[in-house]
Amino acid sequence: MGDNREDVITRINGKYASMSRNRKRIASFILEHYDEAVFMTAARLGESLGISESTVVRFASGLGYDGYPEFQKALEEWVQSKLNTVEKMHVKYGKSTQSEILTAVLASDMEKIRDTIENLDPSAFETAVDIILEAETVYIIGIRTCEPLADFLSFYLNMIRGNVRLVRTTSVSEIFEQMLRIDERDVVIGISFPRYSMRTLKALEFANDRNARVIAITDSVHSPMNLYSSCNLLARSDMVSIVDSLVAPLSVINALVVALCMKRPEEVRQELEMLEDTWNNYQIYMNDEINFIGEEPL
């Protein structure tokens, strides 16, 4: 049996790259629908995916469990630990005042940024900047709680360079449709933190198979995103409550944007001037913004 200290999701992520096609289908289903999978027998799980019960049993054994029942028990324990998040939050903050909660959460975020500064590889950061500038097309994908980070990065990259595509999706097939023409001239930036998105992982795997460059913005060297990336930007993101802390990842993205601007200052200036002219010519804001304190709105 495998290392007992590893939870079931860590084992799945660690072995995903070497799995067969059918085992990857099982892994994807479990990671995306763990709340359903925890109640399924091996036969029912196989039936829902159109594969044999024996394949499901071998999947469990391949993770280091003695059989499917032991795997299912491990999955149940993992799900239970997630369901206890609110209870844990109550224990931590139940007797705190609102002001104390504010201070504690902000202090925790500051600690995450300090940890990110200490552990992010400067050479990987520099490589990421060069890859983004050299690529013909930049694809950006972030799903669930990472979607705002992907939106933010896409917005500012579009000001710095052209051919930036934000991959929006509700299914794996939609990802492939939007990335169909990706090749060795392009780069995909995948953003994912626990619980890791299998759709994002599949997008990076697809890009890697097409010989595109892959940049991962994720939380640790153990992240499955690193399996397919040539450049890893690590930012700490822990759950302080029921909400994932994305402060450190956002700071890393901010640093990327600033570094890219410094590499192409003239292009960025021209882009912003053209954008300002467009706003003025088409009266985008219709004079509804207040620019100075004390100035009467027009």
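In terms of modelled atom types and a separation under 3.5 Å, the side chain of Asn163 and the main chain of Glu136 share a donor-acceptor contact. Under the 3.5 Å distance criterion, the side-chain polar atoms of Ser28 are left unmatched by any main-chain donor or acceptor of Arg25. Counting only distance, with no hydrogens or angles, the side chain of Asn208 and the backbone of Leu204 share no donor-acceptor pair below 3.5 Å. A donor-acceptor contact shorter than 3.5 Å is absent between the side chain of Asp219 and the backbone of Ser237. A donor-acceptor pair under 3.5 Å is formed between the side chain of Gln178 and the backbone N or O of Glu174. Side-chain atoms of Thr116 come within 3.5 Å of backbone N or O of Arg236 as a donor-acceptor pair. Listed for the Asn119 side chain is a donor-acceptor partner under 3.5 Å among the backbone atoms of Asp115. Not a single donor-acceptor pair under 3.5 Å links the side chain of Glu205 to the backbone N or O of Tyr228. Panel note: side chain Ser52, backbone Thr55; a donor-acceptor pair is recorded below 3.5 Å. No side-chain donor-acceptor contact under 3.5 Å links Glu147 to the backbone of Ile143.
Side-chain atoms of Thr10 and Asp7, non-hydrogen and from C-beta on, do get closer than 4.5 Å to each other. Between Val214 and Val187, the closest side-chain pair of non-hydrogen atoms is not below 4.5 Å.
In this structure, Ile160 is a member of the same hydrophobic cluster as Ile191, with clusters built from ILVMFWY side-chain heavy atoms closer than 4.5 Å. Hydrophobic clustering (ILVMFWY, side-chain heavy atoms < 4.5 Å, transitive): Leu250 and Phe125 are in one cluster.
Ring geometry, Phe176 versus Phe206: the interplanar angle falls from 30° to 60°, so the pair is classed tilted.
Atoms OH and CE, from Tyr16 and Met19 in turn, are 8.5 Å apart once rounded to the nearest 0.5 Å. Atoms CG and CD1, from Leu180 and Ile175 in turn, are 13.0 Å apart once rounded to the nearest 0.5 Å. One distance of note links CD1 of Ile253 with CD1 of Ile217; it measures 4.5 Å at 0.5 Å rounding. A distance of 6.5 Å separates CG of Leu201 from CG of Leu227, quoted to the nearest 0.5 Å. A distance of 13.0 Å separates CZ in Arg213 from CG in Asp183, rounded to the nearest 0.5 Å. Taking CG of Leu233 as the start and CG of Leu120 as the end, the distance is 5.5 Å to the nearest 0.5 Å.
Of all heavy-atom pairs spanning Val38 and Gln72, the tightest one is O-NE2, 3.2 Å. Looking at every heavy atom in both residues, Val138 comes nearest to Ile132 through CG2-O, 3.9 Å. Heavy atoms only, all atoms of each residue included: Ala203 and Met179 are closest at O-CE, 3.7 Å.
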Could you please spell out the steps behind the side chain to side chain contact (heavy atoms under 4.5 Å, CB included) verdict for Leu133 and Val129? CA-CA 6 Å; Leu133 289 177; Val129 171; 4.2 Å; yes
Please walk me through it: do Tyr196 and Thr218 pass side chain to side chain contact (heavy atoms under 4.5 Å, CB included)? CA-CA 9 Å; Tyr196 305 107; Thr218 188; 3.7 Å; yes
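Ser192 and Thr200 share no donor-acceptor pair across their side chains, judged by distance under 3.5 Å alone. Side-chain polar atoms of Ser220 and Ser223 form no donor-acceptor pair below 3.5 angstrom. Between the side chains of Asp151 and Ser154, not a single donor N or O lies within less than 3.5 Å of an accepting N or O. Defined by atom type and a distance below 3.5 Å, a donor-acceptor pair is present between the side-chain atoms of Ser123 and Asp121.
Each of Ile26, Ile51, Val57 was scored for a side chain to side chain contact (heavy atoms under 4.5 Å, CB included) with Leu45, with one residue passing: Ile26.
The pair Asp186-Arg210 fails the salt-bridge criterion, with no side-chain N (NZ, NE, NH1 or NH2) lying under 4.0 Å from an Asp/Glu carboxylate O. Glu53 has no carboxylate O lying under 4.0 Å from a charged side-chain N of Arg44, or vice versa, which leaves the two without a salt bridge. Using a 4.0 Å cut-off between charged nitrogen and carboxylate oxygen, Arg114 and Glu118 do not count as a salt-bridge pair.
Cation-pi check for Arg11 over Tyr65 is met; the charged atom lies under 6.0 angstrom from the ring centroid and within 45 degrees of its normal.
Counting heavy atoms of neighbouring residues, nucleotides and ligands inside a 6.0 Å radius, atom CZ of Arg23 exceeds 12 of them.
Here Tyr68 and Phe71 bring their ring centres to under 6.0 angstrom of each other.
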